[in-house]
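Structure first, then comments.
Order of the sequence lines fixes the chain letters, A, B, ..., with proteins taken first and strands second; residue numbering starts at 1 for each chain.
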Amino acid sequence: MQTLMLPSIISHAKEYGFIFPSSEMYDGLQAVYDYGQYGIALKRNLQNLWWQTMTQLHSHIVGLDSAILMHPAVWKASGHVDSFADLMVDNKDSKKRYRVDMLIENHAEALTAAGQEDEAKQLLAQLQSLLQKDDLVGLHTLLLEAAITCPVAKTSHWTDVRKLNLMFATKVGAIESEADTIYLRPETAQGIYLNFLHVAHTARMKVPFGIAQIGKAFRNEIVARQFIFRMREFEQMEMQFFIQPGTDKQWFDYWQNLRWQWYQALGIPKEKLKIKPHDQLAHYAQAAVDIEYQFPFGYKEVEGIHARGDFDLKRHAQASRKKVQYFDPELNQSYIPHVVETSVGCDRLILMLLCEAFTQESQVENGVSKERTYLKLHPALAPIKAAIFPLVKKDGLPAKAQQLFDALKYDFALTYEENQSIGKRYTRQDLIGTPYCITIDHQTLEDDTVTLRHRDSMAQERVAITSLQGFLTETVSLKRILQDCHV
RNA sequence: GCGGGAGUAGCUCAAUUGGUAGAGCGACAGCCUUCCAAGCUGUAGGUUGCGGGUUCGAGACCCGUCUCCCGCUCCA
């Protein structure tokens with residue numbers, strides 16, 4: 001039943017200006033999406049919340065905006081050039097897809113378990129040699145020679161081995177023949193590591209300290225599915241926290257708890273979130289957990305918290321042959337700091353917020369059952385904070401409403417509407433998640449009071465115009481969420 | 001990439017066995033003046049995803065192709 005919700009959310013997001021498929025005039029481009037007028041407003045609010053959480057609530061975290069393009073050597077040093085290129089093969093009978101190296105390694109393990117250690121060693125040696133030569137045909141032959149079978153189909157009916165590089169390559173330089181290959185970054189973190197020394201020196205930071213960054217990253221996914229959950233171009237919100245070696249566990253736990261709190265503060269129900277430890281670690285990680293949200297298609301990762309040790313800084317120090325060291329006055333010694341990162345998929349959070357907010361209720365009114373759809377977005381994140389309506393389009397009500405709009409527009413994202421019936425206007429705002437509607441009627445002209453209508457309950461109350469500024473400041477401010485982050 | 005499902009107006013869907021592409025909603029303009037999408041009048045919007053074939057005639061039948069959704073794999 002829950003899985004049926006995703007198509008509704010996708011079409012709602014498109015119909016009401018949150019998220020459009022990219023290049024739809026040309027039939028679309030798989031796994032790329034554009035943010036529409038309300039989508040980008042929601043996204044900016046979310047990014048501001050994260051940014052303020054990191055840089056404003058922590059005096060020892062500063063921001064950064066590094067470039068998407070970096071020296072190609074960065075990705076060799078980081079390990080992405082090697083480990084981000086997966087060699088895949090499909091079994092034609094079971095239709096299952098496997099990574100070639102894992103198939104062969106598993107087979108070698110089985111051989112070892114069966115006491116055939118020499119054969120296992122030889123197999124692994126062949127694998128390494130073929131991988132280094134990038135010999136795809138040889139790998140296919142090896143699969144057949146070693147009689148490696150599909151665990152499901154139990155056959156060796158393999159397709160050709162294909163290489164899938166997860167990084168997008170492009171060329172830098174005007175003359176292509178002389179140009180170097182350069183990659184669109186597959187993660188924003190490396191830009192932070194490259195600026196570690198700059199920030200340490202110019203921000204007068206003492207370890208432990210952190211650098212936060214929001215930016216685009218690009219991955220050439222094999223299969224990109226589930227709407228904006230897995231996109232080829234996506235936005236990361238990453239914070240790299242530099243620490244004394246040996247304090248990794250302590251800070252890993254610290255950030256895991258703090259990030260967990262953040263989702264509570266956002267109002268995501270605890271029972272729809274869970275922390276999942278990684279059983280298989282990425283090439284850079286010492287310890288890793290995911291924070292998962294229960295999407296309509298199952299529990300999926302929205303944020304990763306990783307203890308990366310000194311892997312990245314050390315690799316860059318080696319590859320660049322530069323000294324990457326921090327002198328710690330407390331310990332009176334120099335070292336390469338270790339890193340704990342928190343890495344959020346911004347677009348995944350947007351999808352989480354949409355899933356959480358999308359509400360369909362049926363209610364019986366005068367014996368007639370009516371369906372009501374609205375977005376229960378947190379007021380601080382809603383794209384539009386309040387809509388201002390004259391009850392009718394005459395008797396000076398539009399002018400009065402416009403006056404109120406002008407008075408409040410400097411502080412809040414507002415919308416003004418005078419067309420059609422009041423009910424239609426309320427509904428339109430419900431559909432985009434506007435928490436409050438303010439209606440000017442004839443009484444307003446006499447006593448400067450208005451009707452304040454609440455989105456979720458549809459309740460109305462009579463309030464003074466003079467109270468609106470204070471009311472909105474209080475309710476739509478990020479402050480309420482930030483205060484709940486328990487920093 | 002493989003398997004399954006689907007593409008007709010902005011959205012939801014119609015269109016006898018192959019016979020002139022329609023409706024509701026929405027949008028826009030005007031009227032009405034009303035606190036929860038429901039009144040009246042009018043307007044715009046389409047090479048039926050795209051290309052080819054069969055046919056006197058294709059939205060429908062055949063072939064190809066593209067895209068989207070679901071599953072397998074990976075990650076943020």
Side-chain angles (χ1 to χ4, degrees), chain A residues 3-4 6-7 10-12 14-17 20-31 84 86 88-99 102 152 159-160 162 164 166 186-189 216-231 234-238 278 280 282 288 290-292 297 300-306 341-349 351 363 365-366 368 370-374 389-395 397 418-431 437 439-443 450-453 455 458-460 462:
Chain A
T3 49
L4 297 174
L6 188 64
I10 294 170
S11 55
H12 189 93
K14 182 182 166 192
E15 190 167 357
Y16 297 101
F20 307 123
S22 164
S23 316
E24 213 189 11
M25 287 179 80
Y26 294 95
D27 281 337
L29 182 63
Q30 195 185 31
F84 241 50
D86 289 343
M88 312 294 292
V89 68
D90 294 339
N91 181 278
K92 290 178 184 170
D93 298 312
S94 65
K95 313 290 184 195
K96 298 281 179 191
R97 166 165 293 177
Y98 300 94
R99 273 173 52 181
M102 291 184 66
V152 176
T159 61
D160 289 343
R162 282 175 297 243
L164 296 156
L166 271 69
E187 64 172 23
T188 57
K216 287 282 178 77
F218 304 82
R219 290 186 195 174
N220 193 9
E221 298 289 343
I222 314 156
V223 214
R225 289 287 164 79
Q226 267 122 9
F227 194 38
I228 57 169
F229 184 79
R230 183 176 293 108
M231 296 196 287
F234 62 105
E235 194 114 34
Q236 290 187 312
M237 304 194 290
E238 294 199 304
H278 277 213
Q280 237 180 354
D290 293 341
I291 294 178
E292 296 192 333
F297 42 89
K300 300 283 177 183
E301 177 180 6
V302 289
E303 170 159 1
I305 296 141
H306 308 120
E341 77 167 358
T342 71
S343 176
V344 184
C346 179
D347 312 279
R348 290 185 174 184
L349 247 44
L351 183 57
Q363 48 191 178
E365 216 174 273
N366 301 329
V368 189
K370 290 171 81 174
E371 186 97 330
R372 184 165 99 95
T373 302
Y374 63 104
F389 306 141
L391 182 61
V392 294
K393 202 168 28 173
K394 63 171 195 179
D395 302 336
L397 298 187
E418 59 179 33
N419 284 329
Q420 293 155 327
S421 70
I422 190 77
K424 217 172 250 194
R425 284 177 267 163
Y426 284 151
T427 301
R428 257 203 293 260
Q429 295 307 313
D430 285 345
L431 291 167
C437 292
T439 302
I440 277 73
D441 58 15
H442 294 89
Q443 193 187 330
V450 294
T451 304
L452 179 67
R453 185 257 194 191
R455 176 195 64 204
M458 297 196 293
Q460 297 187 357
R462 197 81 201 171

What pairs of nitrogen or oxygen atoms, one from the protein and one from nucleotides 25-29 of chain B, lie under 3.5 Å apart?
{"unit_1": "B:G26", "atom_1": "OP1", "unit_2": "A:Lys424", "atom_2": "NZ", "d": "3.3"}
{"unit_1": "B:A27", "atom_1": "OP1", "unit_2": "A:Arg428", "atom_2": "NH1", "d": "2.0"}
{"unit_1": "B:A27", "atom_1": "OP2", "unit_2": "A:Gln420", "atom_2": "NE2", "d": "3.0"}

I'd like a list of close polar pairs between nucleotides 33-35 of chain B and the protein, N/O only, cut-off under 3.5 Å.
{"unit_1": "B:C35", "atom_1": "O2", "unit_2": "A:Tyr426", "atom_2": "OH", "d": "2.7"}
{"unit_1": "B:C35", "atom_1": "O2", "unit_2": "A:Gln460", "atom_2": "OE1", "d": "3.3"}
{"unit_1": "B:C35", "atom_1": "O2", "unit_2": "A:Gln460", "atom_2": "NE2", "d": "2.7"}
{"unit_1": "B:C35", "atom_1": "N3", "unit_2": "A:Thr451", "atom_2": "OG1", "d": "3.3"}
{"unit_1": "B:C35", "atom_1": "N4", "unit_2": "A:Asp441", "atom_2": "OD2", "d": "2.7"}
{"unit_1": "B:C35", "atom_1": "N4", "unit_2": "A:Thr451", "atom_2": "OG1", "d": "2.9"}

#### Entry: Under 3.5 Å: donor-acceptor pair, side chain of A:Glu238, backbone of A:Ser343
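Flag not set: sc A:Glu238 to bb A:Ser343 has no pair under 3.5 Å.
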### Query
Partners of A:Tyr16 by ring pair (Phe, Tyr, Trp, His ring centres under 6.0 Å), sequence neighbours excluded?
A:His12
### Message
Would you call the rings of A:Tyr426 and A:Phe389 parallel, tilted or perpendicular, taking 30° and 60° as the class edges?
### Response
tilted
For [X], all residues meeting salt bridge (Lys or Arg N to Asp or Glu O under 4.0 Å), sequence neighbours excluded:
X        : answer
A:Lys14  : A:Glu24
A:Glu303 : A:Arg259
A:Asp430 : A:Arg372, A:Arg453
A:Lys393 : none

### Query
With sequence neighbours left out, what residues match A:Ser22 under side-chain contact (heavy atoms from CB on, under 4.5 Å)?
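Only A:Leu29, A:Val32, A:Asp34 meet the side-chain contact (heavy atoms from CB on, under 4.5 Å) criterion with A:Ser22.
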### Query
By side-chain contact (heavy atoms from CB on, under 4.5 Å), which residues pair with A:Ala217, not counting sequence neighbours?
A:Phe234, A:Gln236
### Task
Take atom P in B:C36 and the same atom in B:U43, then report the distance between them in whole Å.
31 Å
### Message
Could you tell me how far B:A76 sits from B:U67 if I compare only their C1' atoms? Round to whole Å.
### Response
25 Å
### Task
Rounded off to whole Å, could you give me the CD-to-P distance for the A:Glu292 and B:C75 pair?
12 Å
### Query
What distance separates A:Gln429 CD from A:Cys437 SG, expressed to the nearest 0.5 Å?
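SG of A:Cys437 is found 5.0 Å from CD of A:Gln429.
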### Query
Dot-bracket for RNA chain B, 5' to 3', counting Watson-Crick or G-U wobble pairs under 3.5 Å, with [ ] for crossing pairs and | for inter-strand pairs?
(((((((..((((.....[..)))).(((((.......))))).....(((((..]....))))))))))))....
### Query
Ion pair present between A:Asp441 and A:Arg462, side-chain N to carboxylate O less than 4.0 angstrom?
yes
Check: protein-nucleotides 66-68 of chain B nitrogen or oxygen pairs below 3.5 Å:
{"unit_1": "B:U67", "atom_1": "O2'", "unit_2": "A:Asp27", "atom_2": "O", "d": "2.9"}
{"unit_1": "B:C68", "atom_1": "OP1", "unit_2": "A:Gln30", "atom_2": "N", "d": "2.9"}

### Query
Between the side-chain atoms of A:Arg219 and the base atoms of B:A76, is any donor-acceptor pair under 3.5 Å?
yes
#### Entry: salt bridge (charged side-chain N to carboxylate O under 4.0 Å, His left out) pairs, two or more places apart, involving residues 418-429 of chain A
A:Glu417-A:Arg428
### Residue A:Leu431, side-chain heavy atoms: nucleotide from B:A37, B:A76, B:C69 that is nearest
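Closest nucleotide among those given: B:A37.
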### Query
A:Arg348 versus A:Glu301: any side-chain heavy-atom pair under 4.5 Å?
yes
